[in-house]
Amino acid sequence: MRLIRASECRAMPWKNGGGTTTEIAVHPPGASLDAFDWRISMAHVGGDGPFSSFPGIDRTLAVLRGDGIRLAFDDGEAITLDRQTKPFAFAADRAVAGQLVAGPIDDLNVMSRRGSWTHAMRRITGASPQAVRIDAGLLVLVAHAGGWTARAASRTEALAPGDSALLEGPGTVELSAAEADGELFVISLLPLA
């Protein structure tokens, strides 16, 4: 298990220059926005506007803070995401604009290169212990609210809000939150080659 503390994450401008993002992890390490295989980041969205286009990339988005965002795709599809909706997956090369529901939001983004990697993201909440199994690939845990304990093999680590942990499969990680309103995102990344 490799820990990624919130203080270690780097802030950088969006690809389209419209805001800032905090990069949690990227593969290969140090890859640019045009050359990553997968990338996990958090963004602050302070106004309406178009999303950056990432050709050949699949993306999943979840709202962390704020009242939500409406995604308006050029093909007519529209969806509103808020703190209660499941993470939403879409092609990052589809033209889409974001319209804030009621003020700024923070979001969590996972992106992977189509045909090379696949990913999935889910939100877990509550203080009841949960076991998450990974058969292959990677598992990234992103703590959002409350303190979390992650146990894998013979190692136990504490994750504060904003901290993350990366685990290689196969294996099982036991997760427990210190508070009933704890929230953590579980991201699986699987190479296709």
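Contact check for F54 versus S52: side-chain heavy atoms found under the 4.5 Å cut-off. Within the 4.5 Å cutoff, the side chain of R151 has heavy atoms near those of the S176 side chain.
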Please tabulate, one pair per line, all N/O donor-acceptor pairs under 3.5 Å involving side-chain atoms of residues 124-140, not counting sequence neighbours.
from : atom 1 : to   : atom 2 : distance (Å)
R133 : NE     : D135 : OD1    : 3.0
R133 : NH1    : G171 : O      : 3.4
R133 : NH1    : T172 : OG1    : 3.4

Pair up each side-chain donor or acceptor in residues 152-159 with any protein partner under 3.5 Å, not counting sequence neighbours, and list the distances.
from : atom 1 : to   : atom 2 : distance (Å)
R155 : NE     : E157 : OE2    : 2.7
R155 : NH1    : M1   : O      : 2.4
R155 : NH2    : M1   : O      : 3.4
R155 : NH2    : E157 : OE2    : 2.9

Just list the side-chain donor-acceptor pairs under 3.5 Å for residues 141-148, sequence neighbours left out, or say none.
from : atom 1 : to   : atom 2 : distance (Å)
H144 : NE2    : L64  : O      : 3.2
W148 : NE1    : A145 : O      : 3.1
W148 : NE1    : E183 : O      : 3.3

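For the side chain to side chain donor-acceptor pair (under 3.5 Å) test, no residue two or more places apart in sequence or in another chain qualifies with E179. Remark: R114 pairs with D58, D93 by the side chain to side chain donor-acceptor pair (under 3.5 Å) rule, at least two apart or across chains. R59 meets the side chain to side chain donor-acceptor pair (under 3.5 Å) test with N109; sequence neighbours excluded. F88 is linked by a ring-ring contact (aromatic ring centres under 6.0 Å, His included) to F90, counting only residues two or more places apart in sequence or in another chain. Residues passing the side chain to side chain donor-acceptor pair (under 3.5 Å) test with D74, sequence neighbours excluded: none. For the side-chain contact (heavy atoms from CB on, under 4.5 Å) test, residues two or more places apart in sequence or in another chain that qualify with S32 are D34, A35. Remark: T80 pairs with R70, V101 by the side-chain contact (heavy atoms from CB on, under 4.5 Å) rule, at least two apart or across chains. Partners of P29 by side-chain contact (heavy atoms from CB on, under 4.5 Å), not counting sequence neighbours, listed by chain and number: H27.
Side-chain atoms of T60 and H119 form a donor-acceptor pair, as typed in the model, at a separation below 3.5 Å. A donor-acceptor contact closer than 3.5 angstrom links the side chains of R39 and S41.
Because its NZ or CZ atom is not both nearer than 6.0 Å to the ring centre of F185 and within 45° of the ring axis, R122 does not count as a cation-pi partner of that residue. Remark: R94 is positioned above the aromatic ring of F73, its terminal NZ or CZ atom under 6.0 angstrom from the ring centre and at most 45 degrees off the axis.
The shortest non-hydrogen separation linking P104 to G46 is CB-CA, 4.1 Å. Minimum heavy-atom separation, F36 to P28: CA-CD, 4.4 Å. The shortest non-hydrogen separation linking R113 to P55 is NH1-O, 4.0 Å. Scanning both residues, L175 and A150, for their nearest heavy atoms gives CD2-CB, 3.9 Å.
Hydrophobic clustering places L166 together with W117 (ILVMFWY residues linked when any side-chain heavy atoms are closer than 4.5 Å, directly or through intermediates). Tracing side-chain contacts under 4.5 Å through hydrophobic residues (I, L, V, M, F, W, Y), one never reaches M111 starting from L192; they form parts of separate clusters. Cluster annotation: I4 and L167 are assigned to distinct hydrophobic clusters (Ile/Leu/Val/Met/Phe/Trp/Tyr, side-chain heavy-atom contacts under 4.5 Å, transitive).
Put simply, the side chain of R123 gets close to the backbone of T85: a donor and an acceptor are under 3.5 Å apart. Proximity of a side-chain donor or acceptor of D107 to a complementary backbone N or O of V63 within less than 3.5 Å is not detected.
Rounded to the nearest 0.5 angstrom, L81 CG and I105 CD1 are separated by 8.0 Å. Distance check, rounded to the nearest 0.5 Å: CE of M42 to OG1 of T21 gives 8.0 Å. In this structure, L61 CG and I69 CD1 are separated by 7.0 Å, a value rounded to the nearest 0.5 Å. The CG atom of D37 sits 8.0 Å away from atom CD1 of I57, with the distance rounded to the nearest 0.5 Å. With values rounded to the nearest 0.5 angstrom, D163 atom CG is found 8.0 Å from C9 atom SG. Atom-to-atom distance recorded for I79:CD1 and L71:CG is 7.0 Å, nearest 0.5 angstrom.
Screening I40, L184, I24, I187 against S164 for a side-chain contact (heavy atoms from CB on, under 4.5 Å) leaves a single residue, I24.
Applying the 4.5 Å side-chain rule to ILVMFWY residues, one finds that L190 remains a lone member of its cluster.
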